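Only one structure is covered here, and it is reproduced in the block below.
Keep in mind the model is a prediction, meaning the values are calculated, not measured.
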Amino acid sequence: MKSHLTHLIHCLLLGAIVGITAALFLNGINGSIHVVWHVLPDVVDLPYHGVWIGLLGGLGIGLVQKYIGDYPKTMHETVATFKNEGRVPYRGALWKNAGAAWIVLTCGASLGPEAALISILGGMVTWIGDRLRMTEPQRLTFLQTGYAAMISTIFHAPFVSVSEAIEEEPIQKNPSKWEKVQKIVYYGICTLIALVCFRGIMHLFPHTQVFSIKIPSIAWNMGVIWFIVPAVGVGIVFGLLFILLERWTDKVASTVTHPVRLALIAGLAIGLASLISPYLLFSGEHEILEFSKEASSWSIGALFLLAIGKGLLTHLCFSCGWRGGKIFPLIFSSTVIAFCLSSLSPFMPGLIITIVVTASCTVVLRQPLVTATLLLFLFPLQFFPLIVLLSLGIHQLMSRYGKYLPFSIV
C-alpha cells in the first residue's frame with residue numbers, strides 16, 4: 001500500500017513538472033517567433049525579411065550540426081533510446097536540444113516542437129528518476145508514465161497516454177490484468193495533472209487557440225456515403241505521398257555533405273516560402289484554425305499546392321538538418337488536402353475532412369489508437385467512433401497489403 005501511495009505522489013509531481021516545463025518552453029518559443037516575425041519588421045525596414053531570417057537560421061543550424069551534433073534529437077530517436085536503454089541522456093544534452101530547437105522553431109521551419117520537448121522533458125524525467133529510491137522496474141514505469149504524459153500534453157490529447165499504455169510493449173513479461181489497470185490509472189493521473197498545469201500556465205500568456213479546426217455545421221445526409229470510399233482513398237494516397245516526399249528529400253540532401261551549406265538550402269527554402277504563403281511556415285498547430293475559416297475561399301489547385309508544399313518543406317527542412325517534429329505539419333497538410341475533396345461534396349464536408357485526415361495520419365504514424373486519440377478533440381466528438389474504426393481498419397489494410405507497394409512504408 002505504501003509503495004502505491006509513494007508512486008502516486010511521484011506521478012502527481014511528475015505531471016506538474018511536465019506540464020509547467022512544456023508550457024514555459026512553448027510560450028518562450030511563441031514569444032521569440034512574435035519578436036522575429038512581427039516586431040523586427042516594424043523596427044528594421046529590411047526587404048525580403050523572411051529570406052534573411054531563413055538564411056540566418058540556416059547558418060545557425062549548420063554551425064550546430066557541424067560543431068555540436070544532430071540536435072534536437074527527434075522523437076523517434078528519444079523513444080528508441082528510452083526503449084533500448086531505459087533512460088534519456090541529460091548530461092550536456094538539455095541545453096543542446098533546447099538551443100537547437102529554439103533556432104529551428106523561431107526561424108520558421110515547417111516542423112513541430114514535440115521532438116525537442118520530448119528530448120528535454122525525457123532528460124528531466126530521467127534525472128528525477130535517477131534521484132528517487134526505486135527498483136529498476138519501478139524506475140522504468142516512472143519514466144514510461146512521464147513519457148506518456150509528455151505526449152498527451154504536447155499534442156493536447158489527454159487520452160494518448162492511455163493509448164500508449166495499451167499499445168506499448170510491457171516492461172514485465174505477461175503482466176497481470178491488475179498491473180495493466182494500474183499502469184493505465186497512473187498514466188491517467190499523471191497526464192491529468194500535466195494538462196491542468198499546462199493549461200494553467202498557458203492561460204497566463206496571450207496566445208491563439210492551438211490544434212483546433214472549424215468544421216461546418218453537421219447535418220447528417222446519407223448522400224455522403226458515396227464520398228466515403230474516395231475520402232479514404234485520398235487520405236491513404238496522401239499519407240503514402242507524404243512518406244515518398246521524405247524519401248525524396250533525404251536522397252537529394254545526401255548529395256550535399258557540408259552541414260552549413262545543407263542547412264542554408266533549407267533556410268533559403270523557408271525564406272522563399274514566406275513570400276508565397278505564411279501557412280507554409282511553422283508547424284501548423286496555431287495556423288490550422290485560421291486556415292479552416294478561410295479554406296472555402298481557396299481554389300482546389302491552390303489547396304493542392306499548399307498541401308504538397310507544406311509536406312515538401314517539412315521534409316526538406318528535416319533532411320537538411322533542421323530537426324523537429326513532423327506530426328503537426330502532417331495533420332495540417334492532410335487537412336488542406338481534405339478541403340480539396342470536401343469542396344466537391346455537397347454532403348457533410350466535415351465528415352469528409354475527418355475521414356481524409358484520419359486515413360492519412362494512420363498511414364504515416366502506424367499507431368491506430370494513438371492516431372485516433374490525437375484527433376479526438378480536433379474533430380466533432382460524434383465522429384470519434386468512426387475515427388477509431390477507420391484507424392484500426394486502415395492499419396490492418398496497410399499491414400496486410402503494404403508489402404506490395406513499390407517502396408517500404410516502415
Side chain Trp322, main chain Ala263, donor-acceptor under 3.5 Å: yes
For Gly239 against Val364, the heavy-atom pair lying closest together: O-CG2, 3.6 Å
Gap between atom CG of Leu94 and atom CD1 of Ile120 - 0.5 Å precision: 7.0 Å
Atom pair CD1/CD1 of Ile355 and Ile352 - distance to nearest 0.5 Å: 5.0 Å
Flag for Tyr279-Glu294: side-chain donor and acceptor within less than 3.5 Å: yes
Crowding at CH2, Trp298 (>12 non-hydrogen neighbours, <6.0 Å): yes
Compile the donor-acceptor pairs under 3.5 Å between side chains in residues 327-338 and protein atoms, sequence neighbours left out, one pair per line.
unit_1 : atom_1 : unit_2 : atom_2 : d
Ser333 : OG     : Pro329 : O      : 2.9
Ser333 : OG     : Leu330 : O      : 3.2
Ser334 : OG     : Leu330 : O      : 2.7
Ser334 : OG     : Ser360 : OG     : 2.8
Thr335 : OG1    : Ile331 : O      : 2.7

Nearest heavy-atom neighbours spanning Ser32 and Thr106: OG-OG1, 2.8 Å
Test item: Thr373 side-chain N/O and Val370 main-chain N/O as donor-acceptor pair under 3.5 Å: yes
NZ/NE/NH1/NH2 to OD/OE distance under 4.0 Å, Glu246 and Lys251: no
Partners meeting salt bridge (Lys or Arg N to Asp or Glu O under 4.0 Å) with Lys73 (sequence neighbours left out): none
Exam field: side chain Lys310 to backbone Leu281, donor-acceptor pair closer than 3.5 Å: yes
Over all atoms of both residues, closest heavy-atom pair of Ser343 and Ile300: OG-CG1, 3.5 Å
Side-chain (Ser119) to main-chain (Ala115) donor-acceptor, under 3.5 angstrom: yes
N/O donor-acceptor pair under 3.5 Å between His315 side chain and Leu244 backbone: no
Under 3.5 Å donor-acceptor, Gln65 side chain and Gly321 backbone: yes
Derivation of the salt bridge (charged side-chain N to carboxylate O under 4.0 Å, His left out) call for Arg323 and Glu77: CA-CA 11 Å; Arg323 297 161 66 84; Glu77 288 173 337; 2.4 Å; yes
Identified side-chain contact (heavy atoms from CB on, under 4.5 Å) counterpart of Leu241 within the set Val363, Leu312, Ile308: Ile308
Side chain to side chain, Leu369 and Ser391, heavy atoms closer than 4.5 Å: no
Exercise: identify the closest heavy-atom pair between Ser319 and Thr249: OG-OG1, 2.9 Å
Working for ring-ring contact (aromatic ring centres under 6.0 Å, His included), residues Trp95 and Tyr90: CA-CA 9 Å; Trp95 71 268; Tyr90 55 83; over 10 Å; no
